[in-house]
Each structure stands twice: as structure tokens, then as C-alpha cells.
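Below is one structure, written out as C-alpha cells, with a few remarks after it.
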Amino acid sequence: MTATDIAIVGVGKIARDQHIPSITKNDAFRLAATVSRHSEVDGVENFATIEELLEQRPDIPAVALCMPPQNRFDAAWTAIKAGRHVLLEKPPGATIAEVQALVEAARDKGVALFATWHSRYAAAVPSAKAWLAERKVESARITWKEDVRRWHPGQEWIWQPGGLGVFDPGINALSILTEILPQPVRVTSAELEFPEGRDAPIGAQLQFAGASGETVSADFDWRQTGPQTWDIDVLTNDGTLKLSSGGAEMTVDQKVVIQEADSEYDGIYARFATVVAERAIDVDLAPLVHVADAFMLGRRIAVDAFDM
Ligand code: NAP
């Protein structure tokens, strides 16, 4: 198999922690270049802007966009127009319309577009989906509580408009929820906690309802120190399912069914190889729609200032 050359744009935390190791492990890809203003990867050619990359390396057919969502559209648009396959980190954009525009542009150009949701590649998610498909969901509870200082050290963009605040991790839970529930739900109310001086929430509580009377609640919090909580509990007519550790573990009626180490990004690059080979468009906006709806419906609550 000939490896597809790929360039990473935005060499920050997620590029170093996950994308580079998963690309290195995957024979289908070869890291051929980076675009970074502040960083370099040993032995890999670096460009200051994506325009320079696209102009000087027409031989690189694919790019992985790992910068914050507020800057992703322009880069994706330019890459698609230049005929490159594009992988988008989550969330796929800062607005819904901009991602829809990318889908149209990719379709016109005949290139692959993959809006990744890494949590959907957590080990237990496919099994949870299969288990729920044969049952009636009565209610679900999401508890997603983590320490923003630990996972986003020094990152200012997450507090700025379009950075999503606590929805940056919360959307991971919503990407699992929208994957595993047999029927869709819709946001019915939300409370968003904005620290003084910040443009994005540090906490959020959401309520959802489905067409068959099922209810879902979500509690997102960025102030949790100590052990971190990434749990989804689903009560059905035939037992209770729990996904924990962000989807890596699954129990049914408290018995462990799956417990595996994280390999989400290996799954993402395995999928991207297929998406590229098929020139496919793999874009599901459902998690982003829930976040947008929470911002539309949400009651805003002022809370204490928060220093990083
Ligand atoms: P980060 O550490 O701040 O890195 C983002 C990189 O994007 C920066 O290092 C910078 O790279 C580049 N960039 C381009 N324009 C920028 C701008 N205007 N402001 C800041 N950076 C800019 O962020 P990250 O944690 O890697 O997150 C990036 C994306 O990955 C987000 O969408 C996030 O939701 C997602 N993600 C993050 C995590 C996590 O644990 N942190 C997990 C999963 C997904 P250069 O200096 O190289 O130009």
C-alpha cells in the first residue's frame, strides 16, 4: 500500500498528543509537512501559513486541521478549493452554516471531507449503540466534569466567542449520545454559567426530550479537580447501561462488559483512510446542533471570575 502524504495544520496539544502518534502508527499515512507559527516537528518540513503549504507542496493530497474552531473555516475552505482532502478536528467549525458550506465545496471539488468526533471512536461506543438498538430508552444522564486547567493549559481561545467554553469537552459527550441513542432527542432547556469577564461558559446544565417521552439531562463542568468524570448512564426497559471514562468502559447492570485503553485517534485515522479512498463526505452536525440550540435557548447565569 502506498501511504498518503498528509500535513498537520496547527501543532498544538492535540496534534502532539494524538494526531502525530496515530499518523506515525498508520501505514496508510505519512506525515509530510506541518503548518505552524510557533512549533516544528523534528525532520518534517514546516510552513508558516497554509497558503504556502498548498502552493509549494501540491504533491501533498491531505491536510488535518488541528487549530481552534474559530480559525478552521478559512483553512478548510482554502484547502478544499486547492483540491485537498480535509480532516477537521472537533468541533468541525465555529458555526453550523460554515460547515455546511464546506460540505458543498468538498462535493463540488470531489475531495474527501471528514468531520471527526474522537469520542465516537472510544472502545465501548459501538457496543453501547448495538445494545441500545434492541431496547427502549427511558432516560439518560450525562455527567462530564473535568479540570480546564489540566486539559487546556494556557489556551485563551476556548474562552473567546466560538471557543465553546465547557462545550468543548461537552460536545464529546453529545457526539456519543447522538451516536448511541436509537432515536434523536432535542434540547428543551439549558442554563449556562459564564464567569465574569469570559465570553464562554464554564458550566452548563441541559435538558433534552425525545419523541417517545424519553428524557436526557447533561451536566457539564470545567471546575472539577481530582478524579475526572466522563459518564453517560442510560436507563432502558431492560437494564441500565453505563459508559464511563469517556466511552472506554461499558457496564450493564453494574457488570463490566468492556474496559479498554484509549485508541480513539487510531480509529479516526483508520476511518480517514477509507474516507480518502472513497472521496467521501463524512460530516454529522448533530452534536454541534445541540450546542447551538443550548446557546439559543440557554438562560445565562453570571458566576465568579475564573483564572487559568
Ligand atoms: P492548542 O494546544 O491551543 O493548539 C491549537 C494550535 O492551533 C496552536 O498551537 C496553534 O498552532 C494553532 N493556531 C492557529 N491559529 C490559532 C489561534 N488563532 N489561536 C490559537 N492557536 C492557533 O489547542 P488544542 O488543545 O490542540 O485544540 C485544538 C483543537 O483540538 C480544538 O478544536 C479542540 O477542541 C480539539 N481537541 C483538543 C483536545 C485536548 O485535549 N486539548 C482533545 C481533543 C480535541 P501553531 O502555533 O502551530 O500555529
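Just follow the structure's listing: the first ligand is 1, and inside any ligand the first atom is 1.
- A distance limit of 4.0 angstrom between heavy atoms and ligand 1 selects the residues G10, V11, G12, K13, I14, S36, R37, H38, C66, M67, P68, P69, N71, R72, E89, K90, P91, H118, W151, H152, Q155, W157, D168, Y265.
- No more than 12 heavy atoms of other residues, nucleotides or ligands sit less than 6.0 Å from atom CZ of R141.
- Sorted by first and then second residue, the side chain to side chain donor-acceptor pair (under 3.5 Å) pairs involving residues 297-308 (not counting sequence neighbours) are E191-R299.
- Checked against a 6.0 Å centroid threshold, the rings of W230 and W151 count as neighbours.
- Around CD of Q254, the count of heavy atoms belonging to other residues, nucleotides or ligands within 6.0 Å does not exceed 12.
- Taking each heavy atom of D253 and G239 in turn, the nearest pair found is OD1-CA, 3.4 Å.
- The six-membered or imidazole ring of Y121 lies away from that of Y265, with a centre-to-centre distance of 6.0 Å or more.
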